[in-house]
There are 2 protein chains.
Amino acid sequence: MKVLTKKTDYAIRALLMLGAKRGSYVSAKAIAVEQDMPYQFLRGVLQEMIRHDLIVSKEGVQGGFMLEKDPDEIGVKQLIEIFQGTVQVSECMFRKQICTNRSRCVLRHEIMRIEHVVNNEFEQVTIGKLLRKLQATNTLMPALNTVEGLASITQ
Amino acid sequence: MKVLTKKTDYAIRALLMLGAKRGSYVSAKAIAVEQDMPYQFLRGVLQEMIRHDLIVSKEGVQGGFMLEKDPDEIGVKQLIEIFQGTVQVSECMFRKQICTNRSRCVLRHEIMRIEHVVNNEFEQVTIGKLLRKLQATNTLMPALNTVEGLASITQ
DNA sequence: TATAACTGATACTATATTTATATCAATTAG
DNA sequence: CTAATTGATATAAATATAGTATCAGTTATA
Ligand code: FES
Ligand code: FES
């Protein structure tokens, strides 16, 4: 059971890179090469994030992507919703036809409780928090520039 | 994003039915018809549960399946693991090659924290608990015998 | 003892989702 | 002018989920 798909994964990592280099444009190619993601696939992910106003882009030479939104305002929950749809623990446990009044169904309650817990947890993990954790590990922040750098934050 | 697949869904509902009729054998056909599940698909699910010692079966006429294990010992978490594999929020955020020391990775920690929370929640929801909730709603327990009965517990 | 109602086992098909690639037009720094 | 870049979109490949079909073996019961 995989909770985060590649798209969400790539989105998080791309945002971390953009977050570490805020103020300058970073090209899709640079991100793809440095973090070993499929280039065109990543571009799709980046475009989706533009549509959701998480990042902005500049075309042409020296162009690329830049983080606009406050990293603390970007939760993993939002990313999951963008790339995987709303978190739903299960569709209705029984057939839709016979579940006329969901609000009083005991199973439904149990399921919705978990849904809330899961959503809460994911909401609390923001790009901002992750960035600060990265900075704490690696104060000078060259980490995300090279493969060696990336490796360093995982040790 | 769907957390419970059909197999897990069917497994839970089948176990609830078997739990409500503990002591007697219930055929796959009976379960399939009453809960509107695809017969052969359900059989596969039931066989998987036999392999994991959750239920037992009897072949031939008047045969079927019976709940063996204590319903309180069967958590939704275990069912998810059986039918969807272990809950993993994400595989390693970066490439495996460069993640030599996972235990000290900040991202890893965040991810594992959520993994624990999710697992805990799912572990606490047991077939036993669900059965008691059903009984509280419908003391005489004819609920699971008919479509109308099923409908009654959802109101 | 024949038969119909069952499970065991397994192979197969269909559908949906995820992941990845390819192409071409438009933009822009140098 | 040109190479590096994004925008947009179409398509393919890979994987996972969902569902079907078949046949052999078991057993209650008529
Ligand atoms: S299972 Fe559908 S509302 Fe309860
Ligand atoms: S991302 Fe792989 S161990 Fe941190």
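Here is how names work: the chains are called A, B, and so on, in the same order as the sequence lines, proteins then strands, and each is numbered from 1. Both backbone and side-chain heavy atoms feed into the values below; hydrogens, waters and symmetry mates do not.
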Peer 1: Taking for each residue the nucleotide of DNA chain C with the nearest heavy atom, is it B:Arg51 or A:Leu42 whose nucleotide lies nearer the 5' end?
Peer 2: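 Per heavy-atom nearest nucleotide, the more 5' residue is B:Arg51.
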Peer 1: To the side chain of A:Phe41, which of D:dA28, C:dA20, D:dG7 is closest?
Peer 2: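 Between D:dA28, C:dA20, D:dG7, the one nearest the side chain of A:Phe41 would be C:dA20.
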Peer 1: Which nucleotide in the list C:dT7, D:dG19, C:dA20 gets nearest to the side chain of A:Tyr10?
Peer 2: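 Nearest to the side-chain atoms of A:Tyr10, counting from C-beta on, is C:dA20.
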Peer 1: Go through C:dA29, C:dT7, D:dG7 for me and flag the one nearest to the A:Phe65 side chain.
Peer 2: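 For A:Phe65, the side-chain atoms sit closest to D:dG7.
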Peer 1: Using OP1 and OP2 only, check whether a side-chain N or O of A:Gln62 sits under 4.0 Å from C:dT28.
Peer 2: no
Peer 1: Quick check: closest heavy atoms across A:Ala14 and A:Met49, and the distance to 0.1 Å?
Peer 2: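 Distance-wise, the nearest heavy atoms are CB-CE, 4.4 Å.
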Peer 1: Would you call B:Gln62 and B:Tyr25 a side-chain contact if the rule is heavy atoms closer than 4.5 Å?
Peer 2: no
Peer 1: Take atom CG of B:Leu4 and atom C1' of D:dA16, then tell me their distance rounded to the nearest Å.
Peer 2: 16 Å
Peer 1: Could you give the CD-to-C1' distance, from A:Glu48 to D:dT6, as a whole number of Å?
Peer 2: 15 Å
Peer 1: So which nucleotide from D:dA3, C:dT19, C:dA9 ends up closest to the side chain of B:Gln47?
Peer 2: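 Nearest nucleotide to the side chain: C:dA9.
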Peer 1: Would you indicate what B:Tyr39 reaches in the nucleic acid, counting non-hydrogen atoms under 4.0 angstrom: base, sugar-phosphate, or nothing?
Peer 2: base
Peer 1: What is the distance, rounded to the nearest whole Å, between atom NZ of B:Lys29 and atom C1' of D:dA21?
Peer 2: 16 Å
Peer 1: Using the side-chain heavy atoms of A:Val61, tell me which of these nucleotides is nearest: C:dA29, C:dG8, D:dA28.
Peer 2: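 My answer, after comparing the listed nucleotides, is C:dA29.
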Peer 1: Please report, rounded to the nearest Å, how far the P atom of C:dC24 is from the CD atom of A:Gln40.
Peer 2: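 Value for this atom pair: 13 Å.
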Peer 1: Out of C:dT27, C:dG8, C:dT21, which nucleotide sits closest to the side chain of A:Glu59?
Peer 2: C:dT27
Peer 1: Counting C-beta onward and ignoring hydrogens, is there a side-chain heavy-atom pair between B:Arg51 and B:Ile82 closer than 4.5 Å?
Peer 2: no
Peer 1: Heavy-atom nearest nucleotide on DNA chain D for B:Arg43 versus B:Gln84: which residue maps closer to 5'?
Peer 2: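 Checking each residue's closest nucleotide, the 5'-ward one belongs to B:Gln84.
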Peer 1: Let's see if you can work this out: which of D:dT6, D:dT20, C:dA20 has an atom nearest to the side-chain heavy atoms of A:Lys6?
Peer 2: C:dA20
Peer 1: Name the residue closer to the 5' end of DNA chain D, choosing between B:Lys7 and A:Gly63 according to the nucleotide with the nearest heavy atom.
Peer 2: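 Looking at DNA chain D, the more 5' nearest nucleotide goes with A:Gly63.
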Peer 1: Between D:dT17, D:dG7, D:dT20, which nucleotide gets closest to the side-chain atoms of B:Thr5?
Peer 2: D:dT17
Peer 1: Select base, sugar-phosphate, or nothing to describe what A:Gly44 touches, counting heavy atoms under 4.0 Å on all strands.
Peer 2: nothing
Peer 1: OP1 or OP2 of C:dT7 sitting under 4.0 Å from any side-chain N/O of B:Ser27?
Peer 2: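 Checking C:dT7 against B:Ser27, no side-chain N or O comes under 4.0 Å of OP1 or OP2.
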Peer 1: Indicate the atoms forming the closest heavy-atom contact of A:Leu131 with A:Leu16, along with that distance.
Peer 2: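 Taking every non-hydrogen atom into account, CD2-O, 3.5 Å.
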Peer 1: If you compare all heavy atoms of B:Pro71 against all heavy atoms of B:Arg22, which two are closest, and at what distance to 0.1 Å?
Peer 2: CD-NH1, 3.3 Å
Peer 1: Checking all strands, does A:Leu46 fall into the base, sugar-phosphate, or nothing category for heavy-atom contacts under 4.0 angstrom?
Peer 2: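 A:Leu46: no heavy atom of the nucleic acid under 4.0 Å.
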